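Read through the structure below, which is laid out as structure tokens, and then see the notes.
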Amino acid sequence: MTSGGRVAVAALLILGAVGYASWLLEFVVDTGIDPLRGFASELAAADQPYGFWFRTGDLVTGCVVAVAGVLGSARYSQGWVTTVGWLALIMFALATIADSRLPMSCAATNDPVCAAREAAGHLPLTHDLHAVTSASASTGGVVSSLAFVLAAFRYGWPTWLKIAGVAVATAFVGGTIWTLTAAGLRGEQDAWLGLGQRVQLLAFCGWLIFVALSVIHVTAKSDGST
């Protein structure tokens with residue numbers, strides 16, 4: 001790919017970051033979901049008034065990041081470490097596409113009937129499938145962030161890029177751990193699940209931008225090198 005190709009891949013990743021930040025619309029429209037305690041996925045639940053827009057944001061993110069991941073793994077892998085990073089990013093993208101097609105049917109945090117059905121184990125299978133796709137997306141994101149940070153040090157990337165990568169990856173992994181911990185304590189202790197998940201989501205938007213910057217600033221002199 002030419003330098004224009006690098007810009008195109010970076011642009012796809014940035015577009016993915018914008019799509020993945022669609023949850024920020026909850027501060028513009030009245031969703032009824034508590035941003036401190038409610039799952040971000042509940043914004044896209046099938047019965048929510050703005051669910052279509054949040055599902056579309058995830059779908060756009062998954063599609064463009066998948067394309068960027070395929071192009072990146074084919075042309076911009078510096079070695080096995082970055083290859084792992086790109087493949088994990090593709091995993092994130094495919095899982096996010098599935099996530100958008102398998103939304104929750106209702107939002108338990110603001111719907112007592114939904115909460116009662118959840119407690120009784122009477123929610124549709126899509127809720128369990130959504131949990132699997134969400135976990136897969138998070139796993140792909142974590143592996144991608146660790147792989148690219150390792151690559152930054154292994155291959156001598158610019159210092160500013162190393163610092164940015166460590167900062168964003170730390171925020172993302174920290175947000176992921178916070179979310180998992182809060183989910184495990186759900187019903188027993190209020191650990192601000194919603195806030196933790198939104199830190200995770202915002203950090204991953206930053207991560208996609210970081211990967212975009214790495215494509216522009218690191219591979220500019222070594223297109224397609226392995």
Side-chain angles (χ1 to χ4, degrees), residues 1-25 53-100 136-173 175 199-226:
M1 281 189 179
T2 63
S3 59
R6 290 191 298 275
V7 171
V9 171
L12 286 173
L13 291 167
I14 293 172
L15 178 59
V18 172
Y20 208 52
S22 63
W23 60 271
L24 289 170
L25 289 173
W53 300 106
F54 294 112
R55 293 193 296 273
T56 299
D58 282 349
L59 179 61
V60 169
T61 294
C63 290
V64 299
V65 173
V67 173
V70 170
L71 294 175
S73 62
R75 298 294 301 178
Y76 303 131
S77 290
Q78 288 182 289
W80 70 268
V81 180
T82 50
T83 296
V84 169
W86 284 113
L87 293 178
L89 206 56
I90 294 172
M91 174 182 172
F92 157 83
L94 296 178
T96 299
I97 292 173
D99 221 29
S100 73
S136 299
S138 294
T139 300
V142 169
V143 173
S144 172
S145 63
L146 295 177
F148 275 105
V149 166
L150 176 59
F153 288 89
R154 182 183 179 91
Y155 303 128
W157 291 7
T159 300
W160 68 269
L161 205 52
K162 293 178 186 176
I163 294 173
V166 169
V168 178
T170 298
F172 174 63
V173 174
V199 168
Q200 176 194 29
L201 296 177
L202 189 61
F204 195 74
C205 291
W207 181 254
L208 291 174
I209 294 173
F210 166 80
V211 178
L213 291 173
S214 75
V215 171
I216 296 295
H217 292 281
V218 176
T219 63
K221 297 179 182 179
S222 55
D223 283 359
S225 62
T226 58

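Note that the coordinates shown come from a computational prediction; the quantities given were computed from them, not determined experimentally.
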For this session: Please assess Ser22 against Trp53 for the test side-chain contact (heavy atoms from CB on, under 4.5 Å), listing each intermediate value before the final yes or no.
Result: CA-CA 8 Å; Ser22 63; Trp53 300 106; over 6 Å; no
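- Contact of the Phe92 side chain with the Thr61 side chain is registered, since non-hydrogen atoms from C-beta on lie closer than 4.5 Å.
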Problem set entry | Test log, rule ring pair (Phe, Tyr, Trp, His ring centres under 6.0 Å), inputs Trp86 and Tyr76 | CA-CA 9 Å; Trp86 284 113; Tyr76 303 131; 7.2 Å; no
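- Val173 has its side chain within reach of Ser145: a pair of non-hydrogen atoms, C-beta onward, lies under 4.5 Å apart.
- Side-chain contact check for Ser138 versus Gln200: some heavy-atom pair is nearer than 4.5 Å.
- Under the 4.5 Å side-chain criterion, counting only non-hydrogen atoms from C-beta, Tyr20 is not in contact with Trp207.
- Ring centers of Trp160 and His217: under 6.0 Å apart, within the cut-off.
- Residues Phe172 and Leu202 have side chains not in contact (no heavy-atom distance under 4.5 Å, counting atoms from C-beta outward).
- Contact check for Leu208 versus Ile14: no side-chain heavy atoms found under the 4.5 Å cut-off.
- Residues Phe210 and Leu161 meet the side-chain proximity criterion, which asks for heavy atoms closer than 4.5 Å.
- Counting heavy atoms from C-beta outward, Val166 and Phe153 have side chains that approach closer than 4.5 Å.
- Val168 and Ala203 get closest at one heavy-atom pair: CG1-O, 3.2 Å.
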For this session: Give the intermediate values and the outcome of side-chain contact (heavy atoms from CB on, under 4.5 Å) for residues Leu13 and Leu89.
Result: CA-CA 10 Å; Leu13 291 167; Leu89 206 56; 3.9 Å; yes
